[in-house]
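First the proteins, then the strands, lettered A, B, ... as listed; each starts at 1. Hydrogens, waters and symmetry mates play no part in the numbers below; they use all other heavy atoms, side chains included.
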Amino acid sequence: MRKIATWNVNSLKVRLPQVLDWLAAESPDVLALQETKLQDADFPAGAIRAAGYEVVFAGQKTYNGVALLSREPADAVVTELPGLADPQRRVLGATVAGVRVLDLYVPNGQAVGSDKYAYKLDWLAKLAAFLETERAAHPELVVLGDFNIAPEDRDVHDPEAWRGQILCSGPERAAFRGLLDAGFRDAFRLFEQPPKTFSWWDYRGGGFRRNHGLRIDHILLSPALAARCRGCRIDTGPRRLERPSDHAPVLASFDT
DNA sequence: ATGGTGGCGCGGCCA
């Protein structure tokens, strides 16, 4: 496993040409997608396989949906968090070339105090419990995706405006911190990074042009994988294209 | 300005 990436594409139907171009340019070993917004019957598996990737996916109509693209086959696939009977397709775990990969689309939460916010915090608690068992079973474990959490003020373009708001609230940040406390490493923070580097910019108000963004897409590594990690960056190239996703891909590279 | 833009799918929800 030399390179692994995550990208919230906000509709794979719309973004498929961009994804195929990006695969050709970057040639990651694994690409985790979120917000495919496709039922499984409509998933473009043929085009992805023609590009040289295996693919597994868990989709639903209109909302959510996750997919794992990989050079080598994906085994031991899971699509649920234990203890959460949920029709929303937000989880896709698989083992690829001996590495356990968990692709997540964490709930957005909408607004602090809302029903969706409560669902998000409950979801994160069940995730933490699940990761304890996954960590014990798989020394080489990567958890990546759209976490919908900006972990620290330096991950926010205007920390004062966002303080306590959705994506930045104390309980959300505490949940993320809990994953780090459990031993996961934020791949992006293993390396020196330019300030004001973000992974998501609102479509509204010229967010990207003004770099009004947040870093909410993450690659978390078990200690064994972190020891082999040699770089992590956010590729803003796709965000500059016509009709972009509102998220940019995040990539981590490794020694074999 | 309680807005703004984009996706889905055709009215309103979600982000």
Visitor: Please tell me which of A:R15 and A:D246 maps to the more 5' nucleotide of DNA chain B, matching each residue to the nucleotide holding its nearest heavy atom.
Guide: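 Whichever sits nearer the 5' end wins; that is A:R15.
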
Visitor: Answer yes when A:R71 and A:E54 have at least one side-chain N-carboxylate O distance shorter than 4.0 Å, and no when they do not.
Guide: no

Visitor: Taking the nucleotide of DNA chain B with the closest heavy atom to each, which residue, A:K13 or A:Q110, is nearer the 5' end?
Guide: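 Nearer the 5' end of the strand: A:K13.
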
Visitor: Can you name the salt bridge (charged side-chain N to carboxylate O under 4.0 Å, His left out) partners of A:D155, sequence neighbours left out?
Guide: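 With neighbours one apart ignored, the set is A:R189, A:R215.
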
Visitor: If the P atom of B:dC14 is compared with that of B:dG9, how far apart are they to the nearest Å?
Guide: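 B:dC14 and B:dG9 have their P atoms separated by 14 Å.
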
Visitor: I'd like the 5' and 3' limits of the part of DNA chain B contacted by chain A, with heavy-atom contacts below 4.0 Å.
Guide: B:dG4 to B:dA15

Visitor: Quick one: name the residues clustered hydrophobically with A:L251, using the 4.5 Å side-chain heavy-atom rule over I, L, V, M, F, W, Y, and just say none if it's on its own.
Guide: A:W7, A:V9, A:L12, A:L16, A:V19, A:L20, A:W22, A:L23, A:L31, A:L33, A:L38, A:F43, A:I48, A:Y53, A:V55, A:F57, A:L69

Visitor: How far does the P atom of B:dG12 sit from the matching atom of B:dG3, given to the nearest Å?
Guide: 15 Å

Visitor: Can you label the angle between the A:F176 ring and the A:F147 ring as parallel, tilted or perpendicular, going by 30° and 60°?
Guide: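 The arrangement is perpendicular - the two ring planes meet at more than 60°.
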
Visitor: Cationic tip of A:R239 within the cone over A:F198's six-membered ring, i.e. under 6.0 Å and within 45° of the normal?
Guide: no

Visitor: Is a side-chain donor or acceptor of A:T79 paired with a backbone partner of A:L92 at a separation under 3.5 angstrom?
Guide: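 No, A:T79 side chain to A:L92 backbone: no donor-acceptor pair under 3.5 Å.
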
Visitor: Base, sugar-phosphate alone, or nothing: which one does A:F208 contact when heavy atoms must sit under 4.0 Å apart?
Guide: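 No contact.
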
